[in-house]
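In what follows, a structure is listed as structure tokens, so that the remarks can point back to it.
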Amino acid sequence: RDMLYYKGHIDMDEIKILDIEDGKDKDFNINVKNAFKLRSKATEEVYLFCAKKPEDKQRWLQACTDERKRVEEDKQMGFVIPENQKKQAMLNAKKSRHGKMKGVNYGGFTVPPPHQCLHPLHQ
């Protein structure tokens, strides 16, 4: 509980963000509250996320929207990261974990200090 685990990455360039109403979800056949989905345009995979509070859900949705805006602005400015640099960064991230990563460390804390408000992308 209250620990973060790195399971992998999702290519947001190929994702559609879906705001889900509370109630029965047709894809997963479960009742959801404060939920949103990420659906892959390429593979039709669906990732379901549920937040504790409606405000948290809105923060996540806003963070996803903001990230997409930044990516679009970077494209318009001509900023491009070459594929070989992307692959090298992923390899470096995997090497730095030394085996299975148990939790994310925030300056010695297993979870962020209670007074620190984190943006959803950093939770």
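Heads up: numbering here begins at 1 and tracks the sequence.
Of the inter-residue distances, the one linking E45 atom CD with I15 atom CD1 reads 8.0 Å to the nearest 0.5 angstrom. Atoms NZ and CG, from K24 and N29 in turn, are 4.0 Å apart once rounded to the nearest 0.5 Å. From D13, atom CG reaches atom NZ of K41 across 8.5 Å, with rounding to the nearest 0.5 Å. Separating the SG atom in C64 from the CG atom in L38 is a distance of 6.0 Å, to the nearest 0.5 Å. To the nearest 0.5 Å, atom NZ of residue K87 and atom CG of residue N92 are 14.5 Å apart.
The minimum heavy-atom distance between A35 and L48, with the atom names listed, is CB-CD1, 4.0 Å. Of all heavy-atom pairs spanning K33 and C50, the tightest one is O-CB, 3.9 Å. Shown here for E67 and M12, the closest heavy-atom pair between the two residues is OE1-CB, 4.1 Å.
Looking only at distances, no side-chain donor or acceptor of K75 sits under 3.5 Å from a matching main-chain atom of V80. The backbone N or O of D56 sits nowhere less than 3.5 Å from a side-chain atom of N34 that would complete a donor-acceptor pair.
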| Would R39 and L18 count as a side-chain contact (heavy atoms from CB on, under 4.5 Å) if you check the C-alpha gap in whole Å, the side-chain angles of each, and the deciding distance to 0.1 Å? | CA-CA 7 Å; R39 182 182 305 274; L18 305 167; 3.6 Å; yes
| Passes side-chain contact (heavy atoms from CB on, under 4.5 Å), F49 versus W60? Steps please. | CA-CA 10 Å; F49 295 83; W60 277 101; over 6 Å; no
| message | Working note: F28 + V46, criterion side-chain contact (heavy atoms from CB on, under 4.5 Å); need CA distance, chi angles, decisive distance, verdict. | response | CA-CA 9 Å; F28 292 92; V46 178; 3.7 Å; yes
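A side-chain contact (heavy atoms from CB on, under 4.5 Å) with K37 is found for one member of D25, V32, I17 and no other, namely D25. Under the side-chain contact (heavy atoms from CB on, under 4.5 Å) rule, D74 has a single partner from Q76, E72, M77, which is M77.
Side chains of Q88 and N84: a donor-acceptor N/O pair is absent below 3.5 angstrom, by distance only.
In this structure, E83 pairs ionically with K86, as a charged nitrogen and a carboxylate oxygen lie closer than 4.0 Å.
In this structure, E21 places its CD atom where only 12 or fewer heavy-atom neighbours from other residues, nucleotides or ligands lie under 6.0 Å away.
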